[in-house]
Amino acid sequence: FINTYEKSTFLVSQRFQSTLVVAEHNNDKLTPIMLSAITAAKKLGGDVSCLVAGTDCATVAQEVSKVLGVKTVLIAQNDAYKGSLTEELTPLILATQKQFNFTHICAGASAFGKVRVSAKLDVAPISDIIEIKSPDTFVRTIYARNALSTVKCNDNVKVFTVRGTSFEPTEVDGGSATSEEVAASASAVMSEWLEATLTKSDCPELTSAKVVVSGGRGLKNGENFKLLYDLADKINAAGKWLLWMLDMMQVGQTGKIVAPELYIAVGISGAIQHLSGMKTIVAINKDPEAPIFQVVD
């Protein structure tokens with residue numbers, strides 16, 4: 001009886017939910033984590049709306065409108081939103097929340113998702129969730145993913161970010177959301193976005209790579225990383241995997257969050273930050289006592 005009652009309560013509460021997903025994009029296309037955030041929002045039940053803010057983001061808004069499960073696309077275009085500065089986006093999100101009275105606000109757990117909306121709303125933020133148990137109960141990792149924490153939030157508005165590797169990206173076709181313009185908030189005039197200088201690479205984005213090759217202290221110096229490049233060439237030649245060649249970047253708890261199908265760890269002891277999100281682990285190490293050998297496949 002108790003389980004049936006709890007399930008019925010969950011289903012009833014779903015009908016009264018409405019979630020705002022803040023879209024992360026580059027004015028041209030959505031980032032992959034955005035689709036995972038929409039998947040999480042759909043699990044809450046109720047209507048899902050997406051806020052697309054930018055300088056000329058009509059293309060992105062059209063892309064979002066086709067995503068399955070999105071009911072409304074809210075569009076805000078203003079030069080102040082160039083670069084997605086926190087000082088400019090926060091007032092817009094707050095004004096949108098006030099206008100539509102959303103019960104949940106979410107974004108991907110990335111640098112973009114770290115806005116100060118929760119502080120302005122005076123609610124507790126729930127960061128980097130990996131599971132949704134009910135509209136007010138979420139699961140997140142703690143202690144470098146050594147433990148899981150189930151968090152119940154009693155705030156009227158739940159603000160949370162979603163770990164992209166824990167939710168499958170939603171379908172990008174099949175939706176027919178309506179579009180609506182929202183008024184841009186007054187510019188905070190606190191900072192100005194000038195430009196972004198990005199490193200160009202033929203390799204896929206690290207967070208979406210199917211295979212990650214990682215080198216640790218065991219390689220001793222940068223010259224030995226050439227061995228990893230040779231390994232990368234051979235894997236590419238097989239034509240079976242997408243690959244990210246890792247040099248001088250951090251992966252795991254202290255850097256990028258990844259969940260590849262294959263993780264090749266070369267000269268890595270096996271600290272927990274190198275194991276988070278990995279499905280199949282292959283280790284190359286001269287130390288037979290390295291902790292990573294306890295978890296390799």
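Only this structure's heavy atoms are used, side chains among them; waters, hydrogens and symmetry mates stay out.
Formation of a donor-acceptor pair under 3.5 Å by the T161 side chain with backbone atoms of A109 is not found in this model. Checked by atom type and distance alone, the side chain of T170 never pairs as donor or acceptor with a backbone atom of T39 at under 3.5 Å. Counting only distance, with no hydrogens or angles, the side chain of D128 and the backbone of R140 share no donor-acceptor pair below 3.5 Å. Counting only distance, with no hydrogens or angles, the side chain of T90 and the backbone of T86 share a donor-acceptor pair below 3.5 Å.
Listed by first then second residue, pairs satisfying side chain to side chain donor-acceptor pair (under 3.5 Å) with a partner in residues 57-75 read D47-K71, not counting sequence neighbours. Evaluation of the ring-ring contact (aromatic ring centres under 6.0 Å, His included) test over residues 56-105, restricted to residues two or more places apart or in two chains, returns F100-F102. Screening residues 91-102 for side chain to side chain donor-acceptor pair (under 3.5 Å), with sequence neighbours left out, gives no hits.
Under the 4.5 Å side-chain heavy-atom criterion for ILVMFWY residues, no single connected hydrophobic cluster contains both F112 and V60. Hydrophobic clustering keeps I129 apart from I33 (ILVMFWY residues linked when any side-chain heavy atoms are closer than 4.5 Å, directly or through intermediates). Grouping the Ile, Leu, Val, Met, Phe, Trp and Tyr side chains by contacts below 4.5 angstrom, directly or via other members, places I38 apart from V162. I284 and L262 end up in the same hydrophobic cluster when Ile, Leu, Val, Met, Phe, Trp and Tyr side chains are linked at under 4.5 Å.
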Run the side chain to side chain contact (heavy atoms under 4.5 Å, CB included) check on Y263 and V282 step by step: do they pass?
CA-CA 6 Å; Y263 179 67; V282 173; over 6 Å; no
Does the pair I132 and L44 meet the rule for a side chain to side chain contact (heavy atoms under 4.5 Å, CB included), with working shown?
CA-CA 7 Å; I132 295 175; L44 292 167; 3.8 Å; yes
Checking side chain to side chain contact (heavy atoms under 4.5 Å, CB included) for the pair T141/I130: CA distance, chi angles, key distance, verdict?
CA-CA 7 Å; T141 59; I130 63 170; 3.9 Å; yes
Using the rule given for side chain to side chain contact (heavy atoms under 4.5 Å, CB included), can you reason through V73 versus V52, listing the C-alpha separation, both sets of side-chain angles and the distance that settles it, and then say yes or no?
CA-CA 7 Å; V73 180; V52 179; 3.9 Å; yes
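Scanning all heavy atoms of the two residues, the minimum distance from C57 to A76 falls at SG-O, 4.2 Å.
Residue L51 holds its CG atom at 8.0 Å from CG of L89, rounded to the nearest 0.5 Å. For the atom pair CD (Q77) and CG (D56), the distance works out to 6.0 Å, reported to the nearest 0.5 Å. Distance check: F138 CZ to C106 SG gives 9.0 Å after rounding to the nearest 0.5 Å. Within the model, atoms CD1 of I105 and OG1 of T19 stand 9.5 Å from one another, a figure rounded to the nearest 0.5 Å.
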Contacts under 3.5 angstrom, residues 152-160 side chains, donor-acceptor by atom type, not counting sequence neighbours:
from : atom 1 : to   : atom 2 : distance (Å)
D155 : OD2    : A124 : N      : 3.0
K158 : NZ     : D155 : O      : 2.8

List, one per line, each side-chain donor-acceptor pair under 3.5 Å for residues 20-31, sequence neighbours excluded.
from : atom 1 : to   : atom 2 : distance (Å)
E24  : OE1    : S110 : OG     : 2.8
H25  : ND1    : N27  : N      : 2.9
H25  : NE2    : A53  : O      : 2.8
N26  : OD1    : D28  : N      : 2.9
N26  : OD1    : K29  : N      : 2.8
N27  : OD1    : T55  : N      : 3.4
N27  : ND2    : T55  : OG1    : 2.9
T31  : OG1    : E24  : O      : 3.2

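In the hydrophobic clustering, where aliphatic and aromatic side chains (Ile, Leu, Val, Met, Phe, Trp, Tyr) are joined below 4.5 Å either directly or transitively, L85 groups with W193.
Contact check for L94 versus V117: side-chain heavy atoms found under the 4.5 Å cut-off. Within the 4.5 Å cutoff, the side chain of E192 has no heavy atoms near those of the K82 side chain.
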